Structures are given as structure tokens and as C-alpha cells.
2 protein chains.
Amino acid sequence: MKKLDILKKLRSSGLRPTKQRVEIAKFLFERDKTFHFTIESLDKLLAKKTSSKFALATIYNTVHAFKEAGHLSEVEVRGNKSYFDTNVSNHHHFYDSETAELIDIDANDIVIQKIPKAPNGKKIKNVEVFINLKN
Amino acid sequence: MKKLDILKKLRSSGLRPTKQRVEIAKFLFERDKTFHFTIESLDKLLAKKTSSKFALATIYNTVHAFKEAGHLSEVEVRGNKSYFDTNVSNHHHFYDSETAELIDIDANDIVIQKIPKAPNGKKIKNVEVFINLKN
DNA sequence: TTTCACTTTAGAACAATTATAAACTAGTTT
DNA sequence: AAACTAGTTTATAATTGTTCTAAAGTGAAA
């Protein structure tokens with residue numbers, strides 16, 4: 001993803017392309033593969049890779065803004081920290097609790113044959129499959 | 001589940017059956033249906049139902065001890081709080097984010113036809129299906 | 001270039017959880 | 001049954017992840 005696309009992405013989401021947002025967006029979205037992170041890990045990685053230093057609150061603000069805009073998704077992971085994912089399409093995850101690492105599973109690689117219907121007046125919003133790994 | 005069984009359950013897990021543990025265990029396990037809770041909700045419910053007042057730390061200690069012993073399971077729910085479940089068999093969940101409520105899905109009510117194999121040297125520990133509900 | 005709503009920032013505040021250390025107690029030993 | 005001891009409970013402090021606040025800064029429109 002090129003810088004121009006990033007500016008477009010931000011503007012089309014109603015997000016003013018500030019220096020911080022552009023740098024964080026470049027870091028997150030200029031990748032071939034899906035990227036999984038927590039705020040803490042992102043903070044550390046940004047501190048290493050970029051010259052500028054962002055306030056922690058800015059990282060929280062930005063990640064939430066990107067999530068609201070649909071550019072990031074949040075993943076269910078047991079524990080206290082929130083995990084985010086640059087893959088916003090419908091998909092699933094392996095989770096390796098040894099390394100606290102998430103691995104994407106393409107939606108097509110899991111086929112569910114039978115599923116219960118939603119309770120009283122509710123609808124199914126989405127189905128997440130979470131596969132815990134062990135050694 | 002009778003009181004004697006509860007004493008047995010505790011002792012066989014290497015947990016001394018203290019007054020607090022017995023009361024909390026009775027509250028959690030003397031039920032027909034599965035019970036889902038957070039530490040906060042359990043604390044409130046115990047405060048109402050039982051005459052005695054437990055220290056919050058005791059509730060944390062006890063719930064963790066029961067979880068370690070395999071009498072409770074912890075459920076993946078996005079957000080800051082931990083959810084626990086008295087159903088420790090292999091099963092799945094609906095989650096209603098409107099009410100922050102979990103509903104059990106029997107393992108037999110979900111059939112997965114196709115599943116990817118675990119990555120490099122890892123094995124699958126378990127598969128959790130999480131169905132988010134909307135109105 | 002001025003203006004102004006939106007952003008960033010440092011630090012305070014908050015919420016969930018874990019750690020601490022003193023008081024207490026179940027169960028064993030005497 | 002009294003004493004002992006290791007495990008437990010308790011109130012409180014500490015820690016961790018996250019959100020709030022209010023002052024200073026900045027894109028972009030006029």
C-alpha cells in the first residue's frame with residue numbers, strides 16, 4: 001500500500017491525515033502479510049522502527065480510530081490485553097499460548113456443517129473459530 | 001450436587017474445604033444449568049445470597065483455584081473482564097454483546113467439516129466457536 | 001494568514017487483577 | 001484436647017491495561 005493510498009484511506013474514513021496517523025498507518029498497512037499486535041507490542045515496534053516517538057494515548061486513539069473505520073479488527077483472546085489484526089475480512093485464528101501469537105486461518109479453510117440457530121429474536125452477527133494450539 | 005460431593009470435589013483437588021470455598025462452591029455447583037459469570041457479578045450475587053461477606057481477593061483466589069482444578073473454565077470474551085463457566089466440557093458459546101451475556105452451545109450442535117492442520121510441530125489443543133449475536 | 005475544529009500529549013484517573021504480609025484456621029501431631 | 005504448621009483469608013497496596021482530561025498543537029478551509 002502506497003503513501004497516496006494511505007492518505008486516501010484516512011481521508012475517506014473522515015480521519016485527518018496527521019503525521020502520527022500516517023506513520024502508524026504506514027507501519028500497519030504497508031505489509032504483504034497480516035499483522036497481529038497488542039497496543040503494547042505496537043508501541044515497542046514503533047519506538048524501534050520510527051524516529052519519532054508517539055504518546056501512548058495517541059497509539060490508543062489511532063488504533064481505535066482505525067478499528068472504528070473498519071481498517072483493523074479486534075480478536076477474541078483470553079487474557080487482559082486486546083489483540084488487533086490488520087486482516088479485516090471474515091477469517092479465523094490459531095492461537096499459540098506458548099508464544100501469545102495469533103495465526104490467521106482463511107475463512108475458506110474452515111467449513112461448518114451444522115450450526116444452531118440464534119435464540120429468541122436474535123440474529124447471528126458473525127462466527128469466530130478459535131483454535132488453541134499446544135506443542 | 002450435594003454438600004458431601006462438594007467436600008469430596010474440593011478435597012480430591014487438593015483444596016482444603018474452608019468455609020469460604022464450600023460456600024462459593026455450593027453457590028456455583030449446586031445448579032442444574034450452566035452458570036456464566038465474571039468476578040464482579042459473582043461478588044454481587046454472593047453478597048446478596050449468602051449472609052457472609054467474602055473479601056474480593058478470596059473470590060479471585062477461589063475462582064482461580066477452581067479453574068486450575070478443572071471445575072471452571074474461562075471463556076474468550078472480547079473486553080476487559082474475564083468470564084467463567086461452570087460447564088467444563090467441550091462446548092461453544094453464543095455471545096450477546098447487548099446484554100454481555102453468554103449462552104452455551106452443546107458441542108454436538110456444531111459440526112465442523114473442514115479444519116486446517118496445525119502449523120509446524122504444533123497440535124490442536126481445542127477448538128472454540130464463538131457466535132456473536134445481534135438484534 | 002487567520003481561524004477553528006480536530007488531534008496530540010502528558011499525566012491523572014479508572015478498572016480489573018495480582019501481590020503482600022499479618023491474622024486466622026483445618027487438620028495433623030503430640 | 002492443646003499445640004503446631006502449612007495452607008487460607010483478609011484488607012490493603014501495587015500493578016497493569018485502558019480511558020479521560022485539559023492544555024498545547026496542527027490540518028485545512030475561508
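Chain A is the first sequence line, chain B the second, and so forth, proteins listed ahead of strands; every chain is numbered from 1. Excluded from the calculations below are hydrogen atoms, water molecules and symmetry mates; all remaining heavy atoms, backbone and side chain alike, are included. Small disclaimer: the values here were computed from a predicted structure and weren't measured.
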Is any side-chain nitrogen or oxygen of A/Q20 closer than 4.0 Å to OP1 or OP2 of C/dT9?
yes
Results of side chain to side chain contact (heavy atoms under 4.5 Å, CB included) for B/D43 - residues two or more places apart only:
B/K53, B/L56, B/I59
Please list, chain by chain and in numerical order, all residues satisfying side chain to side chain contact (heavy atoms under 4.5 Å, CB included) with A/S82, sequence neighbours excluded.
A/E74, A/F84
Centres of the A/F29 and A/F66 rings: under 6.0 Å?
yes
Determine, using ring centers only, whether B/F130 and A/F130 are less than 6.0 Å apart.
no
Give me, pair by pair, the N or O atoms of the protein and of nucleotides 25-30 of chain C that are less than 3.5 Å apart, along with how far apart they are.
{"unit_1": "C/dG27", "atom_1": "OP1", "unit_2": "B/R11", "atom_2": "NH1", "d": "2.5"}

Excluding A/I105, membership of its hydrophobic cluster (Ile, Leu, Val, Met, Phe, Trp, Tyr; side-chain heavy atoms within less than 4.5 Å) reads A/F94, A/I103, A/I110, A/I112, A/I115, A/I124, A/V127, A/V129, A/I131, A/L133, B/F94, B/I103, B/I105, B/I110, B/I112, B/I115, B/I124, B/V127, B/V129, B/I131, B/L133
Within residues 58-71 of chain A, the residues having a heavy atom closer than 4.0 Å to DNA chain C are A/T58, A/N61
Which of these passes side-chain contact (heavy atoms from CB on, under 4.5 Å) with A/F37: A/V63, A/L45, A/D85?
A/V63
Taking any heavy-atom pair under 4.0 Å as a contact, classify A/S82: base, sugar-phosphate, or nothing.
sugar-phosphate
Could you check B/A55 against A/I39 and say which one's nearest nucleotide on DNA chain D is further toward the 5' end?
B/A55
A/E128: partners by salt bridge (charged side-chain N to carboxylate O under 4.0 Å, His left out), with sequence neighbours left out
B/R78
